[in-house]
Student: 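Would you mind keeping the following structure in view while I ask a few things?
Atoms considered below: every heavy atom in the structure, side chains included; atoms not considered: hydrogens, waters and symmetry mates.
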Amino acid sequence: MRMTTALPDLWTDWCSVTGVPTHKIDEVSLSCFSQQAQPSQAVLAALRRRLAPPTDPVAPAWPRGHRDDPDSLQRLIRRATAIIQHPDTHWVFRLRLRRMLFAAVLLAPRSHGGLGLDRAGALGLRPDRMRELHQWIGIAEDPRACPACATWSWLDVIGTNSGWSHGSVRALGNRRDEDGPAHRHLRPDPNPDWHFSIGMLPAVDRWAWIDAYRSMHPSSLSAVISAAALLLDGPDPAPGPGPAAAAMQASPRRQMSHEEEEQILKRADELTARVEAILLEFDNGQ
């Protein structure tokens with residue numbers, strides 16, 4: 001169970017008077033409770049944390065060809081993380097990829113570890129609602145494929161953008177994730193200033209200026225979804241230098257020729273370039 005704390009006394013007293021079951025915490029009951037009992041914001045917040053998860057399983061904005069593939073969100077995060085971790089990835093592209101993964105978590109079906117929001121719900125998301133939904137984001141065994149970790153990293157970006165300088169955002173864009181089994185989402189809130197952001201999915205222009213006052217244009221979100229679909233449908237990204245690449249090459253798979261390996265890496269690089277071009281084309285401050 002995620003919630004183990006006792007229900008607020010005011011809620012249980014109201015339920016006993018009105019005949020509402022104490023476990024029936026939904027929007028209708030909370031609205032009546034708010035009007036009749038006039039609880040404090042702290043009491044309402046405690047009850048809202050117990051709301052049932054979003055009930056829409058359709059996830060209308062998720063790429064249609066992957067709605068029935070429960071591994072698609074984790075696969076997308078793993079592939080984008082490989083690009084994020086590559087030392088040659090430009091820092092602005094790295095920021096856009098982190099935003100793409102956050103958008104993917106918002107839009108992916110709940111059965112995949114996402115929240116199943118539609119486009120309007122994602123673009124209209126505000127910090128107070130994000131706090132309510134955060135507990136329903138999926139957790140993967142591998143930190144490189146973990147929806148909760150991807151969310152943590154983007155909240156760090158918009159929190160830094162809200163409370164710090166553009167130089168701090170650039171420093172964050174140049175930073176790669178630490179290697180190892182530790183999950184980022186288990187750490188404290190990365191940057192509490194994200195609670196003061198307005199748009200959770202802001203535009204990121206070519207110089208990585210992040211719009212702190214509104215969400216991206218709907219056409220830009222469509223481009224982000226297209227880039228995610230392209231990454232899902234394409235080959236695995238080219239591995240970067242280091243232990244991860246060495247481990248992949250040492251795996252007991254059939255031995256491929258140098259020409260085959262070069263062709264695979266070429267296709268992977270082309271895919272990465274196409275994803276970067278899509279994210280840049282529709283994201284010039286809109």
Student: For Asn191 and Leu155, what are the C-alpha separation, side-chain angles and deciding distance, and is it a side chain to side chain contact (heavy atoms under 4.5 Å, CB included)?
Tutor: CA-CA 7 Å; Asn191 195 319; Leu155 295 181; over 6 Å; no

Student: Could you list who else is in Trp209's hydrophobic cluster, with ILVMFWY side chains joined at under 4.5 Å, directly or through other members?
Tutor: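 Its cluster partners, ordered by chain and number, are Trp207.
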
Student: Cut-off 3.5 Å, side chains only: do Arg119 and Ser222 have a donor facing an acceptor?
Tutor: yes

Student: Would a single hydrophobic cluster contain both Trp152 and Leu125, if residues Ile, Leu, Val, Met, Phe, Trp and Tyr are joined by side-chain heavy-atom contacts under 4.5 Å?
Tutor: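 Hydrophobic grouping puts Leu125 apart from Trp152.
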
Student: Are side-chain heavy atoms of Pro39 and Trp11 found at a separation under 4.5 Å?
Tutor: no

Student: Are any of the side-chain heavy atoms of Thr151 and His134 separated by less than 4.5 Å?
Tutor: yes

Student: Find the distance between CG (Leu115) and CZ (Arg129) and round it off to the nearest 0.5 Å.
Tutor: 9.0 Å

Student: Is there a side chain to side chain contact (heavy atoms under 4.5 Å, CB included) between Arg98 and Asp156? Walk through the geometry before answering.
Tutor: CA-CA 10 Å; Arg98 293 200 185 281; Asp156 195 9; over 6 Å; no

Student: With a 4.5 Å cut-off on side-chain heavy atoms, are Phe102 and Val157 touching?
Tutor: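 No, side chains not in contact.
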
Student: Heavy atoms, side chains only, cut-off 4.5 Å: are Thr18 and Gln36 in contact?
Tutor: yes

Student: Listing request: all salt bridge (Lys or Arg N to Asp or Glu O under 4.0 Å) pairs with a residue in residues 183-197, at least two apart in sequence or in separate chains.
Tutor: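 Passing the test, one end in residues 183-197: Asp177-Arg184, Glu178-Arg187.
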
Student: In the structure I gave you, are the side-chain heavy atoms of Leu10 and Trp14 within less than 4.5 Å of one another anywhere?
Tutor: no

Student: Is there a side-chain contact between Met216 and Leu123, using heavy atoms and a 4.5 Å cut-off?
Tutor: yes

Student: Strictly by modelled atom types, are His112 and Asp69 linked by a side-chain donor-acceptor pair under 3.5 Å?
Tutor: no

Student: Could I get the full list of salt bridge (Lys or Arg N to Asp or Glu O under 4.0 Å) partners for Arg175, not counting sequence neighbours?
Tutor: none

Student: So how far is it from Thr160 OG1 to Trp194 CH2, rounded to the nearest 0.5 Å?
Tutor: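 Taking OG1 in Thr160 and CH2 in Trp194, the distance rounds to 13.0 Å.
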
Student: For the CG atom on Asp128, are there more than 12 heavy atoms of other groups (residues, nucleotides or ligands in this structure) within a distance under 6.0 Å?
Tutor: yes

Student: Does some side-chain heavy atom of Pro147 sit less than 4.5 Å from a side-chain heavy atom of Ile77?
Tutor: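 They are in contact (side-chain heavy atoms under 4.5 Å apart), so the answer is yes.
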
Student: Yes or no on side chain to side chain contact (heavy atoms under 4.5 Å, CB included) for Trp91 and Arg170, after CA distance, side-chain angles and deciding distance?
Tutor: CA-CA 7 Å; Trp91 67 276; Arg170 177 168 185 156; 3.6 Å; yes

Student: If only atom types and distance count, is the side chain of Arg94 paired as donor or acceptor with the main-chain N or O of Thr89 below 3.5 Å?
Tutor: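 Yes; at least one donor-acceptor contact below 3.5 Å.
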
Student: Can you tell me how far CG of Asp233 sits from OG of Ser72, rounded to the nearest 0.5 angstrom?
Tutor: 10.5 Å

Student: Can you find a pair of side-chain heavy atoms, one from Val105 and one from Leu101, that are under 4.5 Å apart?
Tutor: no

Student: With side chain to side chain contact (heavy atoms under 4.5 Å, CB included) as the criterion, how do Leu76 and Met100 come out once you've worked through the C-alpha distance, each side chain's angles and the decisive distance to 0.1 Å?
Tutor: CA-CA 10 Å; Leu76 175 67; Met100 182 188 75; 4.2 Å; yes

